[in-house]
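Accompanying notes for the structure given below.
Each chain gets a letter, A, B and so on, in the order the sequences are listed, and its residues count up from 1. Just so you know, these numbers come straight off a predicted model, no measurement behind them.
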Protein chains: 2
Amino acid sequence: MAQQEAQQRRPSIHDVASHAGVSAATVSKVLAGVTTVKPENAQRVLDAVELLGYRVDPLASDMRRAKRRIIGAIMPEFESEFFGQMVSELEGLAEQRGYTLVAASSRESETREKEILARMHDWRVAGVVLAPVRNEHGPAAGFMKANGMTGVLIDRVLADDAFDTVSADSAAASAEVARALVGEGHRHVLVVGLGQQAATVRARLEGFRSTALELAPDIRIDVVLCESDVEPLRTLLRDYFSKREAGDDRPTAVYSLFLKGTLVALSEFRRRGWHCPNDISLVGFDDAEWMQVTWPAIAAVVQPVREIASNAMEVLFRRIEGEGGPPTARLEPCKVLMRESVGSPGSVPHSGGGDRQ
Amino acid sequence: MAQQEAQQRRPSIHDVASHAGVSAATVSKVLAGVTTVKPENAQRVLDAVELLGYRVDPLASDMRRAKRRIIGAIMPEFESEFFGQMVSELEGLAEQRGYTLVAASSRESETREKEILARMHDWRVAGVVLAPVRNEHGPAAGFMKANGMTGVLIDRVLADDAFDTVSADSAAASAEVARALVGEGHRHVLVVGLGQQAATVRARLEGFRSTALELAPDIRIDVVLCESDVEPLRTLLRDYFSKREAGDDRPTAVYSLFLKGTLVALSEFRRRGWHCPNDISLVGFDDAEWMQVTWPAIAAVVQPVREIASNAMEVLFRRIEGEGGPPTARLEPCKVLMRESVGSPGSVPHSGGGDRQ
DNA sequence: CTGAAAGCGCTAACAT
DNA sequence: ATGTTAGCGCTTTCAG
């Protein structure tokens with residue numbers, strides 16, 4: 001009821017035109033900032049606009065142009081800090097250039113990812129920022145290629161022969177983690193990952209492995225990769241530790257290659273009554289706000305969200321504006337925050353200064 | 001380069017029409033599911049559609065209608081689990097009804113909130129789900145009213161005379177927290193909140209206060225409300241505890257009325273070397289995944305995101321379809337998860353079984 | 001049952 | 001400097 005009453009039709013460009021005593025074309029010109037309009041008329045148009053509260057309909061306006069001033073963003077999920085920040089950044093960047101960001105979540109499904117992309121194509125978006133579920137070889141990227149869409153791939157991606165890519169320098173970050181862990185004296189480390197994210201997981205794993213082996217050739221690196229989802233990982237991890245514990249050869253540190261893995265690891269430690277860093281050390285790829293307020297604070301690799309977002313948008317708009325050239329592949333450096341969850345192995349259990357409770 | 005080559009113009013409805021040997025109007029009818037089309041022609045249309053890979057341009061299609069099949073969602077931020085989940089839910093619900101969700105973040109700014117709303121109005125969205133920065137009396141809600149927009153208000157809102165509202169039953173949840181805390185023996189509790197979120201904060205505060213006082217008339221309830229942002233709260237809290245510690249009358253429990261407050265409290269506890277629940281108990285409004293993997297696990301009020309989202313969409317679509325009647329105000333029940341961060345006051349410090357480290 | 005015509009609100013040539 | 005014309009891609013009367 002209350003919602004209905006003010007439903008008056010919005011003024012169109014013609015309403016403005018007649019109020020100002022000019023043609024719609026002139027109104028359009030004034031609003032577009034064309035300078036060849038007689039100042040007097042321009043003023044009358046502006047007055048009419050003001051009076052009627054006129055605003056151009058961006059969609060109708062785009063209808064006439066080739067590409068619409070819309071950027072599509074496709075993220076695997078919206079629930080995590082990382083992608084939330086990413087969407088937020090992208091939104092601001094798009095707005096700065098007069099575009100609207102339309103974000104969608106693929107919910108970690110490649111099928112859905114492609115459907116969304118098709119919808120974005122239907123919308124004739126000017127460009128797409130795609131954070132693929134798996135990697136650059138998924139069906140979504142294929143769809144973009146096949147349909148000549150303009151886009152940039154971010155995050156779970158290394159390089160591509162058709163699209164520009166921007167992501168965190170996983171390998172370098174992992175190397176730094178390796179240096180830190182080896183430096184603390186760890187010689188048996190478990191690396192936890194999700195096979196799904198193929199390319200980046202491999203980069204993170206190899207970055208760690210090569211540096212670790214270089215610094216400590218005798219280091220033992222176990223790997224628990226879960227192909228499918230996060231839940232199975234919980235089981236995998238439980239089994240892994242059960243076996244090692246029996247044989248008394250459990251790792252002294254865990255490096256999780258993705259956020260959910262860090263949560264799973266932490267939860268498994270809880271179950272076993274292990275505490276960081278006395279019983280085991282932990283570093284995770286992906287930082288989160290809570291990691292610095294828990295006790296112990298959790299060491300983490302911080303991805304440069306802002307840099308990824310701004311570089312992605314920059315390169316995307318260059319393509320939108322028609323710039324040619326081969327696809328570029330950017331890697332943005334991460335920060336590694338070594339917090340309390342990492343310590344030296346073999347320190348007397350439960351000895352620690354501030355590590356009670 | 002590679003991105004350019006496949007840029008062929010997409011087939012329009014006329015292309016389909018000529019391929020099928022019918023008019024565009026007929027194609028439109030077939031695609032709209034009108035049954036009065038000769039089956040033979042319908043089939044030819046479908047074949048042509050298939051052949052050309054034709055898909056309707058949803059924006060062009062909406063152009064002809066009064067309202068576009070777009071739902072706008074405005075959230076205060078995208079970075080938190082709560083709003084991330086909310087957007088995700090809303091997206092799915094909108095899609096189910098053939099609409100596209102366009103989400104935007106007001107970044108906790110009422111000014112921006114109104115700007116975004118204006119843009120959504122320009123887009124002629126069919127309806128808006130607004131999670132206001134502050135409450136139902138902000139400029140954004142005013143704008144919606146003034147322009148006869150269809151919408152529903154969620155989260156930081158209690159009831160409104162112009163729009164339907166859906167939110168968590170803050171008062172009931174707070175009452176439950178009060179029962180739990182009083183039950184554990186707490187007689188001095190600090191409540192932490194953000195004044196900005198006026199209505200809900202008051203509901204949460206009063207829900208707690210009234211129940212607590214009823215159960216334990218001698219209880220002492222301190223309140224630290226921060227008007228502006230989160231950062232100042234950190235200082236406020238620090239000062240608060242410094243004073244109490246000197247006088248040795250610090251509270252035995254803290255109830256934070258919003259997520260960031262929980263983080264700030266936790267961080268302050270760290271600074272002081274206090275551990276939950278031995279040194280102090282903690283409950284926070286708003287749950288997060290990490291709260292169950294830390295040691296101790298943090299007690300929290302879980303907001304019913306799915307219920308809020310689905311009820312909001314339901315009532316919104318009813319309005320979109322023209323249903324009248326006075327605005328409704330729904331309150332969805334929360335779950336209170338009493339985890340390890342809550343214990344009895346005065347238990348011997350650092351005594352606890354599983355609470356080491 | 002089908003197609004021609006008339007737009008939705010706007011912009012870009014092309015005249016004037 | 002401005003208006004006229006012709007659409008963008010689609011849907012919807014309304015005759016046939």
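- Listed pair A/S28 / C/dT11 meets the phosphate criterion, a side-chain N or O lying under 4.0 Å from OP1 or OP2.
- Comparing B/A25 and B/R65 by the nucleotide of DNA chain C whose heavy atom lies nearest to each, the residue mapping closer to the 5' end is B/A25.
- Using cut-offs of 30° and 60° for the angle between ring planes, the B/Y99 and B/F317 rings count as perpendicular.
- The side-chain heavy atoms of A/L52 and A/V49, taken from C-beta on, include no pair separated by under 4.5 Å.
- A/H14 places its NE2 atom 8 Å from the C1' atom of C/dC10, with the value rounded to the nearest Å.
- Nearest-nucleotide positions on DNA chain D for A/M63 and A/T26 put A/T26 closer to the 5' end.
- Judged purely by distance below 3.5 Å, without hydrogens or angles, the side chains of B/R330 and B/N311 pair a donor atom with an acceptor atom.
- As a whole-Å value, the separation of B/I13 CD1 from C/dG3 P is 12 Å.
- Salt bridge present: A/E91 and B/R107 bring a charged side-chain N and a carboxylate O closer than 4.0 Å.
- Side chain A/R64 to base D/dG7: a donor-acceptor pair is found below 3.5 Å.
- Contact annotation: B/S23 reaches the phosphate of C/dG3 (side-chain N/O to OP1 or OP2, under 4.0 Å).
- Taking atom NZ of A/K38 as the reference point, atom C1' of D/dG3 lies 13 Å away to the nearest angstrom.
- Here the P atom of nucleotide D/dC8 and the CH2 atom of A/W123 are 21 Å apart, to the nearest Å.
- Remark: A/S61 is in phosphate contact with C/dT11, judged by side-chain N or O atoms under 4.0 Å from OP1 or OP2.
- The nearest whole Å value for the distance from the CZ atom in A/R9 to the C1' atom in C/dG7 is 12 Å.
- Between the CG atom of A/D62 and the P atom of C/dC8 there is a distance of 19 Å, rounded to whole Å.
- Salt bridge present: A/D62 and A/R65 bring a charged side-chain N and a carboxylate O closer than 4.0 Å.
- The residue among B/K29 and B/D57 whose nearest nucleotide of DNA chain D lies closer to the 5′ end is B/D57.
- Considering only the side chain of A/A24, C/dT11 comes nearest among D/dC10, C/dT11, D/dT2.
- Across the protein-nucleic acid pair, A/L59 atom CG and C/dT11 atom P stand 12 Å apart, rounded to whole Å.
- The distance between atom CD1 of B/I70 and atom C1' of C/dC8, rounded to the nearest whole Å, is 14 Å.
- In the set C/dT2, D/dT11, C/dG9, the nucleotide with an atom closest to the side chain of B/V56 is D/dT11.
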